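Down below is the structure, laid out as structure tokens.
Start at 1 with the first residue, then count along the sequence. Reckoned from all heavy atoms, side chains included, excluding hydrogens, waters and symmetry mates. Fair warning: this is a prediction, and the values are worked out from it, not measured in the lab.
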Amino acid sequence: MKKFVLLFALSANFVFAQFTDIKVIKEIHSKGRGLVVSAHPLASEAGAKVLKMGGNAFDAVIATQYVLAVVYPQAGNIGGGGFLVGVKNNGEKFTIDFRETAPEKASRDMYLDKKGRANTDLSQNGRLAVGIPGSVAGFFATLKYAKLPMEKLIQPAIDLAEMGFAVTDREANLLNNQMEFFDRHNLNKTVFQKEKWKAGDILVQKDLAETLKRIQKNGAKGFYEGKTPDLIIAEMKRGNGILTLNDLKNYKIAERKPLVFDYKGNEIVSMPLPSSGGILLAQMLKMSSFENLDKFQQNSAEAVQIMVEAERRAFADRAEFMGDPDFIQDQTPMLISDEYLKNRWKSFRKNEATPSSEVGKIISQPKESKETTHISIMDKEGNAVAVTTTLNGLYGSKVVVSGAGFLLNNEMDDFSIKPGVPNMFGAVGGEANSIKPGKRMLSSMTPTIVLKSGKPFLIVGTPGGTTIPTSVFQSIVNVVDFKLNPNLAVNLPKFHHQWLPESVSVEEGFPETAIIELEKKGYHFERVSQIGRTEMIVMDENGNAVAVADGRGDDSVAVE
């Protein structure tokens, strides 16, 4: 058990316990109490404290996200964006799209050289990779569903930034491994740069604390107008960045109609475009249902083949059809229709793998890391929220805004920087996801709430780039079809396929018998150390809840 700094506003007066013992709790069973699952114990604890203060799930998710921006800088953020899916206890369903957008000076070919070749380094690293941040606007959009004022919800994050917290061994290793990138992309030294981090070192972020205080005092304008955007623009001028004050001032969130569909009597509520996740999830669940997955065992060769082939076809459609619905013709109704999917499934063959060439053009793929973060929350009043946020890559663009203390995203890489050229996660895109000013880049984030008889039954999401939709797909199938308990549903080895490359990724410990049997049918496998970090809450019909934090990281559950 490690000691962490935890300061928290319990009322108008601040009550704090310095170096309070905080356990990394992986599973909690509860009834009639709120539950918070996130990527860091301090963030989960902050959300649970808000629930104890009388806040609801939406208050808790705001506080949790702000704390993640402090204690989980590799993905938690105020310099990125995300998607929120909410279901209120009166049955109202809603989403908030606070995805980043392309700056006004962005252009379709901005990452191509004079010979038309794509330079993915420019779209992935440094100031030119930055999209207009949406996170803070998203937090304020969530506030209308909350009970408590933002001044209270942001205070725990301010305290942790100002006073510091102890980094874990995993966090220390990540910082050390990224040091050369921080050195390369920051002209002024940042708080993340030191000779060597070790577990227990205290990370103090005074500049970030002041940035958060400006938000606390001035609301969303404290981030999008005034000193903070001046600091962002000064950072842009230190390199080749193109963000302007106008970009920041004019950023808008979008409230979109949730993507809702049925799966075996359960109502799935997920994110619509510009998230590809909800559509992919609908396609994969519906196509796999044609083969009755519940006849097979979890991770058996039969089940894996069905699910991989559903993933293959869905990701081929992602490349061709999906983008920002404000800029393209939204093909969602067709893509998730039974008629279309049954026709898509006609090429499925039980005795052999379907070559990816049958559903699209083969293109060489890169292999890169994946870093996002997810929060699942249920309160005692029956409100449920799933939110996934990101900087895109690990520590985003690696650029810290000097004087403001926060990392900027590298979300421009999620556009198709050139049709047919894969992004850092190997996802291929076409014209539907090409770069245009003001446009939102396509995403794989898949925050999802499953309802049974109109009540929240399962809240789930994960980080992991293009592995996000397939991990959520597997998590739902593990519970609904294979009847696994939530802990096993989250922590058993996962697999992933995305049309291109041809291979199927499997985590260490994946059943060798299934691999051998599928290799005989022409499947190719790549062994990877980790796929995602799933946060899940499952409710039964008697109101008993099980919350599980993924064992693949420092993820933790906290209870009200």
Determine, using ring centers only, whether Y145 and F94 are less than 6.0 Å apart.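 Distance test on ring centres: under 6.0 Å, yes.
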
Would the Y251 and F98 ring centres measure less than 6.0 Å apart?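 No: the rings miss the under 6.0 Å criterion.
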
Polar side-chain atom of [X] near backbone of [Y] as donor-acceptor pair, under 3.5 Å:
{"X": "Q178", "Y": "L174", "result": "no"}
{"X": "S44", "Y": "S38", "result": "yes"}
{"X": "S556", "Y": "I25", "result": "yes"}
{"X": "S275", "Y": "F83", "result": "no"}
{"X": "K483", "Y": "V480", "result": "yes"}
{"X": "T211", "Y": "A404", "result": "yes"}
{"X": "H497", "Y": "S503", "result": "yes"}
{"X": "N186", "Y": "K189", "result": "no"}
{"X": "D555", "Y": "A549", "result": "no"}
{"X": "K227", "Y": "F223", "result": "no"}

Measuring from atom [atom1] of [X] to atom [atom2] of [Y], what distance do you get when rounded to the nearest 0.5 angstrom?
{"X": "K152", "Y": "M53", "atom1": "NZ", "atom2": "CE", "result": "5.0 Å"}
{"X": "N240", "Y": "R127", "atom1": "CG", "atom2": "CZ", "result": "7.5 Å"}
{"X": "N392", "Y": "M445", "atom1": "CG", "atom2": "CE", "result": "8.5 Å"}
{"X": "T190", "Y": "L208", "atom1": "OG1", "atom2": "CG", "result": "12.0 Å"}
{"X": "Q74", "Y": "H40", "atom1": "CD", "atom2": "NE2", "result": "8.0 Å"}
{"X": "N485", "Y": "L492", "atom1": "CG", "atom2": "CG", "result": "8.5 Å"}

Lys/Arg-Asp/Glu bridge criterion (N-O < 4.0 Å) met for [X], [Y]:
{"X": "E507", "Y": "R552", "value": "yes"}
{"X": "K198", "Y": "E171", "value": "no"}
{"X": "R527", "Y": "E512", "value": "yes"}
{"X": "E162", "Y": "K213", "value": "yes"}
{"X": "E210", "Y": "K206", "value": "no"}

Among T373, L407, T372, find the residue that satisfies the side-chain contact (heavy atoms from CB on, under 4.5 Å) test when tested with L391.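 Answer after filtering T373, L407, T372: L407.
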
Flag the pair [X] / [Y] as yes when at least one side-chain heavy-atom distance between them is below 4.5 Å, and no otherwise.
{"X": "Q216", "Y": "L212", "answer": "no"}
{"X": "I459", "Y": "M536", "answer": "no"}
{"X": "T446", "Y": "M271", "answer": "no"}
{"X": "L484", "Y": "V479", "answer": "no"}
{"X": "V399", "Y": "E235", "answer": "yes"}
{"X": "V304", "Y": "N299", "answer": "yes"}
{"X": "E311", "Y": "Q498", "answer": "no"}
{"X": "I377", "Y": "F58", "answer": "no"}

Cut-off 3.5 Å, side chains only: do T466 and R318 have a donor facing an acceptor?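 Per modelled atom types, T466 and R318 side chains form no pair under 3.5 Å.
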
For N410 and Q124, does a side-chain donor sit closer than 3.5 Å to a side-chain acceptor?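 Side-chain D/A pair, N410 to Q124: absent.
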
Contacts of [X] that satisfy salt bridge (Lys or Arg N to Asp or Glu O under 4.0 Å) - sequence neighbours left out:
{"X": "K88", "answer": "E92"}
{"X": "D540", "answer": "none"}
{"X": "D554", "answer": "R170"}

Test: salt bridge (Lys or Arg N to Asp or Glu O under 4.0 Å). Region: residues 401-411. Which pairs qualify, not counting sequence neighbours?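 Matches after skipping sequence neighbours: R99-E411.
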
Give every residue pair that meets the salt bridge (Lys or Arg N to Asp or Glu O under 4.0 Å) criterion with at least one member in residues 57-67, sequence neighbours excluded.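 Not a single pair qualifies under salt bridge (Lys or Arg N to Asp or Glu O under 4.0 Å).
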
Kindly determine whether K147 and E381 satisfy salt bridge (charged side-chain N to carboxylate O under 4.0 Å, His left out), including the steps that lead there. CA-CA 13 Å; K147 294 181 176 181; E381 299 168 357; 2.7 Å; yes

Stepwise, does the side chain to side chain contact (heavy atoms under 4.5 Å, CB included) test hold for Q474 with M307? CA-CA 8 Å; Q474 288 169 62; M307 295 171 74; 3.6 Å; yes

Give the C-alpha distance, both sets of side-chain angles, the deciding distance and a yes or no for side chain to side chain donor-acceptor pair (under 3.5 Å) between H374 and T388. CA-CA 4 Å; H374 179 82; T388 310; 2.7 Å; yes

Determine, step by step, whether T470 and H496 satisfy the side chain to side chain donor-acceptor pair (under 3.5 Å) criterion, reporting the C-alpha distance in whole Å, the side-chain angles of both residues, the deciding distance to 0.1 Å, and the verdict. CA-CA 6 Å; T470 60; H496 168 74; 2.8 Å; yes

Would you please test E535 and S376 for side chain to side chain donor-acceptor pair (under 3.5 Å) and show each step? CA-CA 6 Å; E535 321 294 6; S376 293; over 6 Å; no

Show your reasoning for whether side chain to side chain contact (heavy atoms under 4.5 Å, CB included) applies to F192 and Q205. CA-CA 9 Å; F192 303 117; Q205 301 170 82; 3.8 Å; yes

Taking atom NZ of K221 as the centre, does the number of heavy atoms from other residues, nucleotides or ligands within less than 6.0 Å exceed 12?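 Counting neighbours around NZ of K221, 12 or fewer heavy atoms of other residues, nucleotides or ligands fall under 6.0 Å, so no.
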
When you look at NZ of K380, are more than 12 heavy atoms from neighbouring residues, nucleotides or ligands closer to it than 6.0 Å?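 Check fails, neighbour count at 12 or below.
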
Y395: which of F182, F406, F181 passes ring-ring contact (aromatic ring centres under 6.0 Å, His included):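 Only one of F182, F406, F181 forms a ring-ring contact (aromatic ring centres under 6.0 Å, His included) with Y395, namely F182.
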
Where at least one partner belongs to residues 396-405, residue pairs that pass side-chain hydrogen bond (donor to acceptor under 3.5 Å, both in side chains), sequence neighbours excluded: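 Qualifying pairs, neighbours excluded: N188-S402.
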
For the residue pair S471 and T534, what are the closest heavy atoms and their distance?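 For S471 and T534, the tightest heavy-atom pair comes out as CB-OG1, 4.5 Å.
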
Give the intermediate values and the outcome of side chain to side chain donor-acceptor pair (under 3.5 Å) for residues T228 and R214. CA-CA 8 Å; T228 298; R214 288 191 288 274; 2.9 Å; yes

